[in-house]
Amino acid sequence: MAIPDILIIGAGAVGSFSAAVMARKQLGTIYLYDIKEDLSIGRALDINQASPYLYTDTRVIGCNSFEEVPGADVVVITAGHARHAGMTRLDLLNKNIAVADGLGNTIMARFPRAKVLIVTNPVDVLAWFLKNRWPDMNVFGLGCSLDTMRFRYFIAEEVGGSVDCARGMVIGTHNDDMIPLVNHATVGGVPMRHLLSEDAIEKIVSRTRSAGTTITQKLKEHSGYYAAAHVVTQIVESIVFNRLGTFPLSVYCRGEYGYDNICLALPSVVGSDGIKRVLEIDLDDREHIALNVCASAMTEITRSIQ
Ligand code: LMR
């Protein structure tokens with residue numbers, strides 16, 4: 001099998017840590033690009049010098065120009081501004097839309113067949129923006145994949161069990177409207193509702209919704225990146241090895257769950273061609289209403305951009 005080429009655009013915290021985690025997992029040849037001269041080259045040197053301890057011969061190649069990237073099976077966009085304490089993800093919209101706009105033509109011209117995973121916030125809006133402007137781009141967003149990791153972590157903590165056994169998903173949008181699917185969450189196959197009180201479940205939901213903000217409040221000048229880098233790596237792994245993992249990725253809706261022309265984080269099977277299938281799961285009335293809230297907010301934001 002040919003060694004996959006993975007291009008990470010943005011050598012900030014999320015981009016460079018993703019490169020390090022991907023190198024550790026030997027996912028392919030990793031090209032790390034940043035607009036800031038030599039940043040990606042310094043990061044790549046640092047990551048590669050860790051390789052004797054990571055026991056991997058995978059190389060990260062820092063690039064100052066896209067000309068240095070011969071091809072890409074997967075493009076991960078982490079470039080853009082991160083929020084500081086006191087900001088919402090939506091506060092980044094104008095600045096980061098300009099970043100995405102600048103990258104779209106390059107991606108389509110140089111890597112038209114790549115699967116494009118956008119991580120930059122506000123992720124659901126930017127996924128929609130790229131798909132709307134370049135309909136042939138095979139693009140999807142991180143969506144609620146990071147929130148799902150957090151949800152599982154908080155469930156495991158509350159139950160006092162291994163995070164491996166805690167299963168669940170968060171859908172909707174990657175902001176305060178996100179919907180942790182408590183009715184579908186299980187621990188070791190047992191419904192979470194059978195194991196935890198309503199209060200404990202409420203606490204998990206609220207910690208999940210505020211997790212990113214809580215980290216940003218502590219870090220002050222940027223947001224979290226360790227967990228993001230790991231989930232980005234899992235998604236890229238699912239693409240390059242066609243693992244068909246299921247993640248709540250931000251997908252462009254064409255009738256899924258009754259929505260059109262917006263991106264929502266919905267359970268998606270992802271493999272070597274990108275999104276293979278969006279899973280339609282049974283939602284109860286409250287969850288339906290909550291998903292409508294996410295969809296209406298997305299529709300309103302996208303209208304303001306058109
Ligand atoms: C996160 O949830 O950690 C990321 O979306 C970054 C942020 O701004 O919170």
Side-chain angles (χ1 to χ4, degrees), residues 8-22 34 76-100 103 116-130 139-157 163 168-181 203-236 247-251 263-266 268 290 294 297-298 301:
I8 302 177
I9 304 181
V14 176
S16 52
F17 199 63
S18 296
V21 182
M22 285 181 208
D34 201 280
V76 180
I77 305 176
T78 68
H81 301 263
R83 64 175 169 150
H84 295 187
M87 292 171 74
T88 69
R89 297 181 184 96
L90 206 52
D91 291 337
L92 302 168
L93 181 63
N94 291 340
K95 280 181 171 174
N96 284 348
I97 250 187
V99 174
L103 291 171
V116 181
L117 171 66
I118 175 133
V119 178
T120 310
N121 276 319
V123 67
D124 311 293
V125 188
L126 295 186
W128 170 86
F129 173 78
L130 289 171
V139 59
F140 38 91
L142 189 66
C144 290
S145 307
L146 176 53
D147 313 298
T148 291
M149 280 177 89
R150 291 167 169 160
F151 185 44
R152 290 181 55 192
Y153 171 71
F154 294 136
I155 293 171
E157 254 201 358
V163 82
M169 197 176 270
V170 181
I171 63 168
T173 43
H174 180 52
N175 56 30
D176 293 350
D177 292 336
M178 70 179 73
I179 311 159
L181 294 175
K203 187 168 139 206
I204 291 168
V205 167
S206 135
R207 288 179 83 190
T208 304
R209 286 212 174 101
S210 58
T213 304
T214 307
I215 293 171
T216 306
Q217 274 163 355
K218 301 285 178 209
L219 299 181
K220 299 204 171 39
E221 288 182 7
H222 58 95
S223 44
Y225 53 93
Y226 283 105
H230 280 91
V231 75
V232 164
T233 302
Q234 274 198 332
I235 295 165
V236 171
F247 301 87
L249 297 169
S250 197
V251 291
C263 278
L264 286 178
L266 298 171
S268 311
C294 295
M298 275 302 123
I301 296 166

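If you're wondering where the values come from, they're calculated on a predicted model, not measured in any experiment. Every number for a ligand or one of its atoms is a count from 1 in the order of the listing.
- Ligand-side atoms of ligand 1 in range of Ser223: 6 (C), 7 (C), 8 (O), range being under 4.0 angstrom from any heavy atom.
- With hydrogens and angles ignored, the 3.5 Å screen pairs no side-chain donor or acceptor of Arg89 with any backbone N or O of Arg83.
- Side chain of Thr208 to backbone of Asp147: no donor-acceptor contact under 3.5 angstrom is found.
- Taking both residues in full, the closest heavy atoms of Asn96 and Asn121 are given as ND2-O, 2.8 Å, listed atom of the first, atom of the second, then distance.
- The Leu146 neighbourhood of ligand 1 comprises atoms 1 (C), 2 (O), 3 (O), with distances under 4.0 Å to a heavy atom of that residue.
- Side-chain contact annotation: Ser250 with Asp124, donor-acceptor N/O pair under 3.5 Å present.
- In terms of heavy atoms, Cys294 sits closest to Gly172 at SG-CA, 3.8 Å.
- Which parts of ligand 1 touch Gly212 is read off a 4.0 Å heavy-atom cut-off, strictly below it: atoms 2 (O), 3 (O), 9 (O).
- When all heavy atoms of Ala127 and Cys263 are compared, the pair lying nearest together is C-SG, 3.8 Å.
- The shortest contact between atom 5 (O) of ligand 1 and any protein heavy atom is with His174 NE2, 2.6 Å.
- Of the polar atoms of Arg83, at least one N or O is found under 3.5 Å from an N or O of ligand 1, judged by distance alone.
- Closest to atom 3 (O) of ligand 1, if we only count protein heavy atoms, is Arg150 NH2, 2.7 Å.
- Distances between N or O atoms of Thr213 and those of ligand 1 include no value under 3.5 Å.
- Under the 4.0 angstrom criterion for non-hydrogen atoms, Asn121 is in contact with ligand 1.
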